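One structure below.
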Number of protein chains: 2
Amino acid sequence: MSSLKPCVDALYEGVDRVAQSIPGVPKSEVLLVRLLMLTAGALLREFENKLKPYGMNDSDFRTLMMLYSSEDGSATPGELCALAEQKPTNMTRIANALAKKALISRSHATHDRRQVLLRITPAGRRFVNKMLPPMFPPLMENFACFSSTERKTFEKLLKKLALHIDPTVDTDDTP
Amino acid sequence: MSSLKPCVDALYEGVDRVAQSIPGVPKSEVLLVRLLMLTAGALLREFENKLKPYGMNDSDFRTLMMLYSSEDGSATPGELCALAEQKPTNMTRIANALAKKALISRSHATHDRRQVLLRITPAGRRFVNKMLPPMFPPLMENFACFSSTERKTFEKLLKKLALHIDPTVDTDDTP
DNA sequence: GCCTAATAGTTCACCAGCGAACTATTTGCC
DNA sequence: GGCAAATAGTTCGCTGGTGAACTATTAGGC
């Protein structure tokens with residue numbers, strides 16, 4: 001799309017200017033959270049551009065990959081929701097879309113007939129095997145600005161953050 | 001919402017398993033990009049929960065803040081689009097929403113009558129001054145797991161990444 | 001000065017994701 | 001066994017964001 005540089009510059013300037021009007025602005029944290037969202041957004045858009053030719057978006061793809069990488073190639077919508085931070089509503093639609101492309105199959109679980117069992121099909125596996133490798137080089141390019149030490153550090157911090165932020169979310173959505 | 005831990009664990013396991021079936025998976029990069037999106041998504045959801053009582057989403061808020069922090073409190077939709085990585089279509093709707101709440105005003109630019117001039121109103125400024133400070137503590141909490149050195153390192157790496165990834169996006173959307 | 005190009009916003013039709021309401025099934029208390 | 005409560009998915013109606021087509025204005029070649 002367009003360069004992120006002006007966005008980043010404007011962000012730094014903007015935060016500085018706001019901090020002059022309002023006391024106590026946690027500049028560092030604001031910058032972090034905005035940079036995170038900006039970067040993640042850009043990466044997401046780039047990835048979805050690559051998926052578009054296949055008629056897929058990132059959620060569809062992630063769901064397919066979760067099935068691909070699951071123990072026995074199957075899972076229930078509920079399990080997938082939990083692992084993908086998705087709502088059941090959306091998972092229904094994703095499953096419909098993937099099933100329509102014959103990349104996954106749907107059946108009822110035997111022991112609990114409320115559950116639905118989604119399973120990746122051989123065609124689904126072939127699809128992943130074929131479309132995934134070409135995506136590696138551009139993905140690696142994205143992080144080419146990092147030394148391997150930096151990549152490790154970044155991953156460590158990111159993981160720490162991911163595991164930390166969660167409890168906070170819980171505390172204040174039921175007033 | 002729910003804990004990110006299972007997502008993170010499943011991510012690491014899943015990548016390992018996929019790497020066993022498909023050669024050449026850039027594990028480190030996949031983990032980074034997924035952790036980034038996961039974390040950013042969680043932070044975004046948390047923030048939007050806080051904005052909901054004000055009948056706003058993050059885009060609305062960001063737009064308002066860009067006006068708040070701009071040199072003279074005004075900007076054209078086009079400028080805001082560029083800085084917020086937004087499409088003009090969406091900016092129109094955002095401007096409508098903010099104008100409806102009387103937080104911004106709309107007028108035509110004098111020197112180029114195609115342009116529209118958006119300006120934050122005094123009420124808009126008061127709104128920001130009032131609603132912003134209570135958001136600081138929970139925001140700081142999110143990054144409380146970082147020492148100040150870690151925060152600095154993380155910001156440095158994140159900024160580096162943000163400024164790097166952009167050119168890649170450009171190269172492959174016009175086939 | 002005029003006519004084509006380009007540019008700034010808007011409108012329209014569509015897709016993705018969400019909460020609320022609903023259905024089908026299971027669990028557990030009696 | 002039977003009935004209330006919980007659980008798994010689905011359907012429905014709404015919001016947020018997008019590309020394509022459209023309008024209004026300006027810029028540029030002649």
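Given the structure is predicted, the values throughout are model-derived calculations rather than measurements. Labels below follow one simple rule: chain letters A, B, ... track the order of the sequence lines, proteins then strands, and each chain is numbered from 1.
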5′-ward residue of the pair B:D60/B:D112 relative to DNA chain D:
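It is B:D60 whose nearest nucleotide is closer to the 5' end.
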
Nearest heavy atom decides the nucleotide; on that basis, is A:K52 or A:V116 closer to the 5' end of DNA chain D?
A:V116

What integer distance in Å separates [X]:[atom1] from [N]:[atom2]?
| X | N | atom1 | atom2 | value |
| --- | --- | --- | --- | --- |
| B:H108 | C:dA8 | NE2 | C1' | 11 Å |
| B:N49 | D:dG16 | CG | P | 14 Å |
| A:M56 | C:dC15 | CE | C1' | 16 Å |
| B:M91 | D:dG19 | CE | P | 14 Å |
| B:R114 | C:dA5 | CZ | C1' | 11 Å |
| A:K87 | D:dT15 | NZ | C1' | 15 Å |
| A:E48 | C:dC15 | CD | C1' | 11 Å |
| A:R45 | C:dA16 | CZ | P | 17 Å |

Hey, does the side chain of [X] come within less than 4.0 Å of [N]'s phosphate (OP1/OP2), counting only N and O?
| X | N | answer |
| --- | --- | --- |
| B:N90 | D:dG16 | no |
| B:R113 | D:dA24 | no |
| B:R106 | C:dT10 | yes |
| A:N96 | D:dT10 | no |
| A:S59 | C:dG17 | yes |
| B:T89 | D:dG19 | no |

Counting any heavy atom closer than 4.0 Å, what does B:P88 reach on the DNA or RNA strands: base, sugar-phosphate only, or nothing?
base

Decide side-chain contact (heavy atoms from CB on, under 4.5 Å) for A:V15 and A:R34; before the verdict, give the C-alpha distance in whole Å, the side-chain angles of both, and the deciding distance to 0.1 Å.
CA-CA 10 Å; A:V15 170; A:R34 282 299 163 200; over 6 Å; no

With DNA chain C as reference, determine whether B:T76 or A:Q86 sits nearer its 5' end, using the nearest nucleotide of each.
B:T76

For residues A:S28 and B:R151, is any side-chain donor paired with an opposing acceptor at under 3.5 Å?
yes

Give a yes or no on whether a salt bridge exists between B:E48 and B:K52, defined as a side-chain N under 4.0 angstrom from a carboxylate O.
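Judged by the 4.0 Å cut-off on N to carboxylate O distance, B:E48 and B:K52 do not form a salt bridge.
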
Would C:dA5 be called syn or anti, given that syn covers angles within 90° of 0?
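This nucleotide is in syn.
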
Ring center gap for B:Y54 and B:F61 short of 6.0 angstrom
no

Pair partner, C:dG19 [Watson-Crick or wobble, under 3.5 Å]
D:dC12

Heavy-atom pair of closest approach, residues B:A123 and B:L103
O-CD2, 4.1 Å

